[in-house]
Asker: 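Supplied in structure tokens, the structure appears directly below.
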Amino acid sequence: MIDIKALQNNFDEIANKLQKKKIDESLLQNLKELSLELKEKKAILETLQAEQNAKSKLFPVYQKEGKDIASLKAELNENKQKISIAQEIMREVEEKLSAIAMGVPNIPDESVPLGVDEEDNQELKKVLDIPTFDFEPKEHWDLDADQAWIDFERGVKLSKSRFSVLKNDGARLERALSNYMLDFNRSRGFEEVSVPFITNEESLKGTGQLPKFGDDLFKIEGENLYLIPTAEVPVTNLFRDEILTADELPIKLTAYTACFRKEAGSAGRDTRGMIRQHQFGKVELVSITTPEDSDKIFDEMVSCASDLLKSLGLAHKLVLLCGGDLGFSAAKTVDIEVWLPGQNRYREISSISNTRDFQARRAKIRYKEGKKNILVHTLNGSSLAVGRTLIAIMENYQKSDGTIEIPEVLKEYMR
RNA sequence: GGACAGGUGGGUGAGUUGGCUGAAACCACAUCCCUGCUAAGGAUGCGUAGGAGUAAUCCUACCGAGAGUUCGAAUCUCUCCCUGUCCGCCA
């Protein structure tokens, strides 16, 4: 959630910054007015409540002194009516306010470039040269005809389209990759956690997937529970409603989870192959930091993911997302795109975001600085999407005879 | 899933004939004093959120969540959630 108080005080500045995400200024104006109205209505209610409290305390006194209670009681009964009306009014304003506030995206950083879509993203750097082949490199689904690593048909039989089954060395490679990634991240100071793949509504509100993006989630029928779209949800929410101490920070965690997405807005896109599945494995990085440290940790996370790809010998580039391409909760995002020779293009394989205090405000994650409680910064990033890494290895390590070499660092994980 | 017992501040734990209890006491923690050495003693402070005020301070809400009864609820009623124990079931 954005800082409503800041919106009251620096309206123009915030409205201006949110232009990058194409947010209508009238919506913000509405939000500001509602917040001021709420303050006003709340003051009215609190005055009435104070009166009720004070006068209620007179009852035992009157009784002791033998005074008449009836008139006082009548007076307070009347006041009680006023209170319930004031309460109703306040609740209405509050609901309107929170409905809008929960739907306003995070404010982009100063450094985020202007732009409407991925065309306007800014390339930061390329890492490793793209490999050359003395034959025509195949796409992973063609390659797979020889390997039989991925069984698309039977994935569909078991579930539906956009599900697949891994077999043979494909299945083993997936597990090797997950293990390797976790070990790599641990060597960079990220502690491993294992979390539920199903979370409740509160958690999804905390990280920003709800209430706005419910269509992207698989909901469990009859329960207030959802399949997680990313480990970011359970791992960040580990600290929801908590007040941490300064010396606990930064908290740096890594977790492997399956991720589940409806891909509601992606009809027809990437229907072939394993690029866009309803279920995929991902190793995630999550950091909880002080505001001062969050830029530094962000860079560490980007390096971690980039170095991981480098260690696998996979050429990639780092891209700074423009305002229009930035996600709902992110103030700043760097995507990492890996080179896929078969497709002859770079494809997203990781996305690292600093949400600043946006999620922390929603999830009430704070830390103690002296006597004050300060919102932490939360950051998350993939390191990496396992399925896409598998594809990248297939396409980059393919031989002219259709076999696939295993990257050196993974060999010990494949024994 | 069934039966019973519970859910109070960082922890332990008082508080049921409803009313100076937002919450005793103890522990932990922080600062200071004393003392001096890996101990002891003393003083003070120590929940969250919002609002008013330069500030001291004051007001409101919160004792698992929500609703209700009442002039007034941590204390009574209802619903839900969670924890423990026993039973059932199960990797």
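What you see below is based on every heavy atom in this structure, not just the backbone, and it leaves out hydrogens, waters and symmetry mates. Lettering follows sequence order; numbering is per chain, from 1.
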Asker: If you pin A/Lys39 and A/Arg366 to their nearest nucleotides in RNA chain B, which one's is more 5'?
Answerer: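 Counting from the 5' end, the first nearest nucleotide belongs to A/Arg366.
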Asker: Who is the Watson-Crick or G-U wobble partner of B/U17, with both distances under 3.5 Å?
Answerer: none
Asker: With a 3.5 angstrom cut-off on both distances, give the Watson-Crick or G-U wobble partner of B/C37, or none if there isn't one.
Answerer: none
Asker: What is the distance from CD of A/Gln81 to P of B/U70, rounded to the nearest Å?
Answerer: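 These atoms are roughly 10 Å apart.
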Asker: How is A/Asn373 classified with respect to the nucleic acid when contacts are heavy atoms under 4.0 Å: base, sugar-phosphate, or nothing?
Answerer: sugar-phosphate
Asker: Taking atom C1' in both B/G22 and B/G50, what distance in whole Å separates the two?
Answerer: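 Result for the C1' pair: 16 Å, nearest Å.
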Asker: According to the Watson-Crick and G-U wobble definitions, with both distances under 3.5 Å, which nucleotide is paired to B/G53?
Answerer: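 Check on B/G53: unpaired, no WC or wobble geometry under 3.5 Å.
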Asker: Could you please name the partner base of B/G1, counting Watson-Crick and G-U wobble pairs only when both distances are under 3.5 Å?
Answerer: B/C87
Asker: Regarding A/Leu45, tell me which of base, sugar-phosphate or nothing describes its non-hydrogen contacts under 4.0 Å with the strands shown.
Answerer: nothing
Asker: Does atom NZ of A/Lys262 have more than 12 heavy-atom neighbours from other groups under 6.0 Å away?
Answerer: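 Enclosed: over 12 neighbouring heavy atoms sit under 6.0 Å from NZ of A/Lys262.
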Asker: Taking only the P atom of each, what is the distance from B/A49 to B/G10 in whole angstrom?
Answerer: 11 Å
Asker: Base, sugar-phosphate alone, or nothing: which one does A/Lys55 contact when heavy atoms must sit under 4.0 Å apart?
Answerer: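 The answer is nothing, as A/Lys55 stays clear of every strand by at least 4.0 Å.
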Asker: If the P atom of B/C76 is compared with that of B/G19, how far apart are they to the nearest Å?
Answerer: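 B/C76 and B/G19 have their P atoms separated by 11 Å.
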Asker: Output the rounded distance in Å from CD (A/Gln63) to P (B/G18).
Answerer: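 Distance, rounded to whole Å: 13 Å.
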Asker: For the residue pair A/Thr207 and A/Thr236, confirm or rule out a side-chain donor-acceptor distance under 3.5 Å.
Answerer: no
Asker: Nearest-Å distance, CD (A/Gln87) to C1' (B/U60)?
Answerer: 11 Å
Asker: Here's a test of your reading of the structure: between A/Glu51 and A/Lys73, which maps to the more 5' nucleotide of RNA chain B?
Answerer: A/Glu51
Asker: Find the partner of B/A28: check Watson-Crick (N1-N3 plus N6-O4 or O6-N4) and G-U wobble (N1-O2, O6-N3) distances, both under 3.5 Å, and reply none if neither fits.
Answerer: none
Asker: Atom CD1 of A/Ile83 and atom C1' of B/C59: how far apart are they, to the nearest Å?
Answerer: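 Taking CD1 of A/Ile83 and C1' of B/C59, I get 14 Å after rounding.
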Asker: Please give the nucleotide sitting opposite B/A65 as a Watson-Crick or G-U wobble pair, both distances under 3.5 Å, or none.
Answerer: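 For B/A65, the partner nucleotide comes out as B/U79, under the 3.5 Å rule.
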Asker: Using the P atoms only, state how far B/U48 lies from B/A24, rounded to an integer number of Å.
Answerer: 15 Å
Asker: Just checking A/Arg91: base, sugar-phosphate only, or nothing, at a heavy-atom cut-off of under 4.0 Å?
Answerer: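 Sugar-phosphate, backbone atoms only, no base.
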Asker: Distance-only criterion, 3.5 Å: show the donor-acceptor pairs between side-chain atoms of residues 167-176 of chain A and protein atoms not counting sequence neighbours.
Answerer:
from     : atom 1 : to       : atom 2 : distance (Å)
A/Lys167 : NZ     : A/Asp151 : OD2    : 3.3
A/Asn168 : ND2    : A/Ala148 : O      : 2.8
A/Asp169 : OD1    : A/Arg172 : NH1    : 3.4
A/Arg172 : NH2    : A/Met414 : O      : 2.2

Asker: Sort and list the pairs that fulfil ring pair (Phe, Tyr, Trp, His ring centres under 6.0 Å) and have at least one residue in residues 237-291 of chain A, not counting sequence neighbours.
Answerer: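 Pairs touching residues 237-291 of chain A that pass the test: A/Phe163-A/His278, A/Phe218-A/His278.
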Asker: Could you tell me how far apart A/Lys372 (NZ) and B/G45 (C1') are, to the nearest whole angstrom?
Answerer: 19 Å
Asker: Between the protein and nucleotides 72-79 of chain B, which nitrogen or oxygen pairs come in under 3.5 angstrom?
Answerer:
from  : atom 1 : to      : atom 2 : distance (Å)
B/G72 : OP2    : A/Lys80 : NZ     : 3.3
B/G72 : O4'    : A/Ser56 : OG     : 3.4

Asker: Checking base pairs now: Watson-Crick or wobble, both atom distances under 3.5 Å. What partners B/U70?
Answerer: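 Result: none.
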Asker: Under the ring pair (Phe, Tyr, Trp, His ring centres under 6.0 Å) rule, collect the residues that match up with A/Phe213, sequence neighbours excluded.
Answerer: A/Phe328
Asker: Determine the contact category for A/Ala43: base if any of its heavy atoms lies under 4.0 Å from a base atom, sugar-phosphate if only primed atoms, P, OP1 or OP2 are that close, otherwise nothing.
Answerer: nothing
Asker: Output, in order, the C-alpha distance, side-chain angles, deciding distance and verdict of side chain to side chain donor-acceptor pair (under 3.5 Å) for A/Asn200 and A/Asn224.
Answerer: CA-CA 6 Å; A/Asn200 56 29; A/Asn224 189 23; over 6 Å; no
Asker: If I pick the P atom on B/C82 and the same atom on B/A65, what distance separates them, to the nearest angstrom?
Answerer: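 So the two P atoms sit 15 Å from each other.
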Asker: According to the ring pair (Phe, Tyr, Trp, His ring centres under 6.0 Å) rule, which pairs have a member within residues 171-193 of chain A, sequence neighbours left out?
Answerer: A/Tyr180-A/Tyr413
Asker: Find the distance A/Ile4:CD1 to B/A49:P and express it as a whole number of Å.
Answerer: 17 Å
Asker: Over all strands shown, is A/Lys364 touching base, sugar-phosphate only, or nothing at heavy-atom distances under 4.0 angstrom?
Answerer: nothing
Asker: A/Gln359 and A/Glu232: side chain to side chain donor-acceptor pair (under 3.5 Å), yes or no, with the steps?
Answerer: CA-CA 11 Å; A/Gln359 292 179 328; A/Glu232 168 198 342; 2.8 Å; yes
Asker: Between B/U70 and B/U77, how far is it from one C1' atom to the other, in whole Å?
Answerer: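 Roughly 12 Å separates the two C1' atoms.
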Asker: Please report the distance, rounded to the nearest Å, between CZ in A/Arg361 and C1' in B/G50.
Answerer: 14 Å
Asker: Base, sugar-phosphate, or nothing for A/Lys5, non-hydrogen atoms under 4.0 angstrom?
Answerer: sugar-phosphate
Asker: Output all residues satisfying ring pair (Phe, Tyr, Trp, His ring centres under 6.0 Å) with A/Tyr367, sequence neighbours left out; order by chain, then residue number.
Answerer: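 In terms of ring pair (Phe, Tyr, Trp, His ring centres under 6.0 Å), with neighbours along the sequence ignored, A/Tyr367 is linked to no residue.
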Asker: Return the value, rounded to whole Å, for the distance between atom NZ of A/Lys42 and atom P of B/A49.
Answerer: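 These atoms are roughly 12 Å apart.
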Asker: Show your working on side chain to side chain donor-acceptor pair (under 3.5 Å) between A/Arg240 and A/Ser203 and close with a plain yes or no.
Answerer: CA-CA 8 Å; A/Arg240 174 157 50 84; A/Ser203 298; 2.9 Å; yes
Asker: Taking the minimum atom-to-atom distance to the side chain of A/Phe59, which one of B/U48, B/C71, B/A61 wins?
Answerer: B/C71
Asker: Please state the C1' separation for the pair B/A39 and B/U35 - nearest whole angstrom.
Answerer: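 Their C1' atoms lie roughly 11 Å apart.
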Asker: Sort out the partner of B/C46 for me: Watson-Crick or G-U wobble, both distances under 3.5 Å, none otherwise.
Answerer: none
Asker: Rounding to the closest angstrom, what is the interatomic distance between B/G18 and B/U75 at atom C1'?
Answerer: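 Comparing C1' positions in B/G18 and B/U75 gives a spacing of 6 Å.
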